[in-house]
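The structure presented is a predicted model; accordingly, all values stated were derived computationally and were not measured.
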Amino acid sequence: MIAFVSGTVAALAPDAAVVEVGGVGMSVQCTPDTLSTLRLGQPAKLHTSLVVREDSLTLYGFADDDARQVFVLLQTASGVGPRLAQAMLAVHSPDALRRAVATGDEKALTAVPGIGKKGAQKLLLELKDRLGAPVGTAPAIGAPVTQGWRDQLYAALIGLGYATREAEEAVTAVAPQAEAAGGTPQVGPLLKAALQTLNRAR
């Protein structure tokens, strides 16, 4: 079990980072929130979960151990694999997921790509006694950001290697989505939307 990787960020992609550990480049699958905290050439520490399959070994990385633990717990529900668990954490913070499960918030789960109404109902039942209660009020990775979302999103896109003009255009493109959030946009979903606009433009 690889609990974490610590080293220099050697490369960044829309869904992964390469961290150089002792001369070896470790490819780690990450959510947009986690990627937004990384910078090329800078040191980083990612808490990781190794998923073993017959034909692959995949490392999933997280900014903190809480997100890693929730990632593992989500996969104890039937039908939830690592990709869907990661998608859930890309849309919601760990505490937001706990809150959604604790309150039976079906709508929050259907906001995740790949989860329909029936799937959400099933997940609420299966995860009710597994995730536990929200751990606190402090903003976690993916929690609503009340100010500076433009700066954070811009910095995340530049960190991923996009040009200044591309980053500015992507920020402008997702501004209506941010404003529709009522002043508390989540940087993670906005980064995901921004990357989609950039991919379409290329």
Measure the spacing between [atom1] of [X] and [atom2] of [Y] and express it to the nearest 0.5 Å.
| X | Y | atom1 | atom2 | answer |
| --- | --- | --- | --- | --- |
| Arg83 | Gln75 | CZ | CD | 11.5 Å |
| Ser36 | Lys192 | OG | NZ | 14.0 Å |
| Thr37 | Lys45 | OG1 | NZ | 13.5 Å |

State, with a plain yes or no, whether a side-chain heavy atom of [X] is found less than 4.5 Å away from one of [Y].
| X | Y | result |
| --- | --- | --- |
| Val19 | Thr8 | no |
| Leu97 | Leu109 | yes |
| Gln29 | Thr58 | yes |
| Pro82 | Arg53 | yes |
| Pro94 | Leu89 | yes |
| Thr31 | Gln86 | yes |
| Leu46 | Phe62 | no |

**Asked** Charged N to carboxylate O under 4.0 angstrom, Asp66 versus Arg98?
**Response** yes
For the hydrophobic clusters of this structure (ILVMFWY residues joined by side-chain heavy atoms under 4.5 Å, transitively), does one cluster hold both [X] and [Y]?
| X | Y | value |
| --- | --- | --- |
| Leu12 | Val21 | yes |
| Leu57 | Phe4 | no |
| Leu38 | Ile2 | yes |
| Val70 | Val72 | yes |
| Val18 | Tyr60 | no |

If only atom types and distance count, is the side chain of [X] paired as donor or acceptor with the main-chain N or O of [Y] below 3.5 Å?
| X | Y | result |
| --- | --- | --- |
| Thr197 | Ala194 | yes |
| His92 | Ala108 | yes |
| Thr172 | Glu168 | yes |

Extract all donor-acceptor atom pairs below 3.5 Å that involve side chains of residues 110-134 and protein atoms in other chains or at least two apart in sequence.
unit_1: Thr110; atom_1: OG1; unit_2: Glu106; atom_2: O; d: 3.4
unit_1: Thr110; atom_1: OG1; unit_2: Lys107; atom_2: O; d: 3.0
unit_1: Gln121; atom_1: NE2; unit_2: Glu106; atom_2: OE1; d: 3.3
unit_1: Lys122; atom_1: NZ; unit_2: Ser78; atom_2: OG; d: 3.4
unit_1: Glu126; atom_1: OE1; unit_2: Ser78; atom_2: N; d: 2.8
unit_1: Glu126; atom_1: OE1; unit_2: Ser78; atom_2: OG; d: 3.4
unit_1: Glu126; atom_1: OE2; unit_2: Ser78; atom_2: OG; d: 2.6
unit_1: Arg130; atom_1: NE; unit_2: Glu126; atom_2: O; d: 2.9
unit_1: Arg130; atom_1: NH1; unit_2: Thr76; atom_2: O; d: 2.6
unit_1: Arg130; atom_1: NH1; unit_2: Thr76; atom_2: OG1; d: 3.0

**Asked** Taking all atoms of both residues into account, what is the closest heavy-atom pair of Gln177 and Pro189, and its distance?
**Response** NE2-O, 4.1 Å
**Message:** Can you give me the closest heavy-atom contact between Ala44 and Val9, atom names plus distance?
**Reply:** CB-CG2, 3.6 Å
